[in-house]
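Here is the naming used below: chain letters follow the sequence lines, and residue numbers restart at 1 for every chain.
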Number of protein chains: 2
Amino acid sequence: MCAMDTADRPDAAADRGPCAAIPADQMDFVRQILDRVGDKWSMLVISALEARPLRYTELQRDAPGISQRMLTLTARQLQQDGLVTRTAYAEVPPRVEYALTPLGRSLHHVVTSLITWVVDHHGQIREHRSSSTTTS
Amino acid sequence: MCAMDTADRPDAAADRGPCAAIPADQMDFVRQILDRVGDKWSMLVISALEARPLRYTELQRDAPGISQRMLTLTARQLQQDGLVTRTAYAEVPPRVEYALTPLGRSLHHVVTSLITWVVDHHGQIREHRSSSTTTS
DNA sequence: CTGGATCCCGCCGGATACTG
DNA sequence: CAGTATCCGGCGGGATCCAG
């Protein structure tokens with residue numbers, strides 16, 4: 001986000017607003033994280049792990065509708081990003097525990113504040129959706 | 001997010017954490033907005049509009065890489081949600097101006113705080129990504 | 001200039017079956 | 001139990017052409 005053309009509009013630098021604070025080289029990265037946040041399963045898993053560490057099967061239970069494939073993929077992503085930890089115990093019945101890292105927890109907090117906004121304003125949005133005033 | 005099974009685990013009510021604050025009937029709605037936030041083009045457009053109202057072509061310029069199809073679709077979505085306004089002037093060369101609504105601006109602020117988090121922690125995430133410590 | 005209509009392909013993600 | 005491998009259908013979204 002934060003439109004970053006401006007290359008051909010030297011005079012437009014003043015128009016860019018607060019977005020100018022975000023270096024262009026971090027833009028793609030920001031989008032990656034934003035995609036992750038917007039991802040249905042990522043947030044579902046993180047939320048499920050918020051209360052306490054969970055095993056694979058428990059995650060499947062606590063993330064309604066997630067498939068094995070997506071659970072595995074999502075978990076791997078979150079692990080690689082350092083948002084969750086994966087601990088495998090070499091036992092007779094294999095056991096693996098997933099847990100939130102401090103980083104993951106802090107992300108969840110931020111997202112929670114966003115959710116709070118949505119809950120606060122979902123009335124207004126619903127309103128606009130029903131009365132889509134085509135001002136033409 | 002905020003795993004909402006618990007139906008078959010009557011004793012698990014205590015585990016749910018802060019997510020219990022979110023009514024189940026708003027969950028799907030929250031996800032819709034979260035998807036919109038995570039959507040590449042939505043945020044790009046909102047950010048572009050933050051500085052000032054823009055015309056169709058200007059939006060195309062300021063949202064690098066967006067296609068006509070996606071610009072039109074995204075704009076319509078945002079308009080229906082009451083996040084932007086679309087004003088068409090019946091002139092000889094057709095002119096349409098898109099502008100952020102207060103609601104849209106407030107959403108952008110929230111998202112900006114999320115972006116701030118990303119910028120603050122992208123170092124840690126990058127670290128974890130490179131040294132994907134497979135704790136097995 | 002501001003879109004609408006169509007075609008079409010890539011890939012996301014569900015379902016299913018198999019393994020250590 | 002905790003995954004991996006494979007198939008495959010749907011659709012998101014780019015490209016292109018057309019219209020008011």
Side-chain angles (χ1 to χ4, degrees), chain A residues 1 5 28 31-46 48-49 52-81 84-99 132 134-136, chain B residues 1 5 28 31-45 48-49 53-81 84-99 132 134-136:
Chain A
M1 67 200 46
D5 57 316
D28 58 334
R31 279 240 31 73
Q32 288 179 40
I33 305 298
L34 229 45
D35 281 343
R36 186 130 312 154
V37 167
D39 180 42
K40 181 178 182 181
W41 302 127
S42 295
M43 286 300 95
L44 211 43
V45 167
I46 289 185
L49 287 178
R52 69 185 191 288
L54 293 176
R55 305 177 52 172
Y56 189 85
T57 316
E58 292 175 325
L59 270 177
Q60 261 191 319
R61 278 207 292 84
D62 289 11
I66 197 171
S67 63
Q68 282 192 351
R69 173 190 169 83
M70 279 303 101
L71 177 51
T72 302
L73 251 54
T74 302
R76 191 174 305 280
Q77 292 284 331
L78 296 177
Q79 181 195 0
Q80 285 182 353
D81 288 355
V84 308
T85 58
R86 177 187 183 277
T87 317
Y89 300 92
E91 300 178 354
V92 187
R95 182 163 56 103
V96 178
E97 282 214 337
Y98 294 92
S132 37
T134 312
T135 315
S136 58
Chain B
M1 68 201 51
D5 57 317
D28 58 333
R31 278 240 34 73
Q32 287 181 38
I33 305 299
L34 229 45
D35 281 343
R36 186 130 311 155
V37 167
D39 180 41
K40 180 177 183 181
W41 302 127
S42 295
M43 286 300 94
L44 210 43
V45 167
L49 287 178
L54 293 177
R55 303 178 53 174
Y56 188 84
T57 315
E58 291 175 324
L59 271 177
Q60 260 190 319
R61 276 205 295 84
D62 290 10
I66 198 171
S67 63
Q68 283 191 351
R69 173 190 169 84
M70 278 304 101
L71 177 50
T72 302
L73 252 52
T74 302
R76 190 173 305 280
Q77 293 283 331
L78 296 177
Q79 182 195 0
Q80 285 182 353
D81 288 355
V84 308
T85 58
R86 177 186 182 276
T87 316
Y89 301 91
E91 299 177 355
V92 187
R95 182 163 56 103
V96 177
E97 283 214 338
Y98 294 92
S132 37
T134 313
T135 315
S136 59

Rounding to an integer number of Å, can you tell me how far B/Glu58 CD sits from C/dG3 P?
13 Å
5' precedence on DNA chain C between B/Arg55 and A/Ser67 (nearest-nucleotide basis):
B/Arg55
First-last contacting nucleotides on DNA chain D - partner chain B, under 4.0 angstrom, heavy atom:
D/dG13 to D/dG20
What is the distance from CD of B/Gln60 to P of C/dG4, rounded to the nearest Å?
13 Å
Comparing nearest nucleotides in DNA chain C, the 5'-proximal residue of the pair A/Leu73, A/Pro94 is A/Leu73
Here the distance between atom C1' of C/dA15 and atom CE of A/Met70, to the nearest Å, is 12 Å
Reading 5' to 3' through nucleotides 5-11 of chain C, protein heavy-atom contacts under 4.0 Å coded B for base, S for sugar-phosphate only, - for none:
-B-----
Measure CG/B/Leu71 against C1'/C/dG4 and give the value in whole Å, please.
13 Å
Contact class for B/Tyr89 (heavy atom, under 4.0 Å): base, sugar-phosphate, or nothing?
nothing
Hey, mind stepping through B/Leu49 and B/Leu59 against side chain to side chain contact (heavy atoms under 4.5 Å, CB included) and telling me if it holds?
CA-CA 8 Å; B/Leu49 287 178; B/Leu59 271 177; 3.9 Å; yes
Separation of atom CG in A/Leu44 from atom P in C/dG14, rounded to whole Å:
11 Å
Tell me the interatomic distance from B/Arg86, atom CZ, to C/dC1, atom P, rounded to whole angstroms.
16 Å
Over how many whole Å does the gap from B/Arg76 atom CZ to C/dG4 atom C1' extend?
9 Å
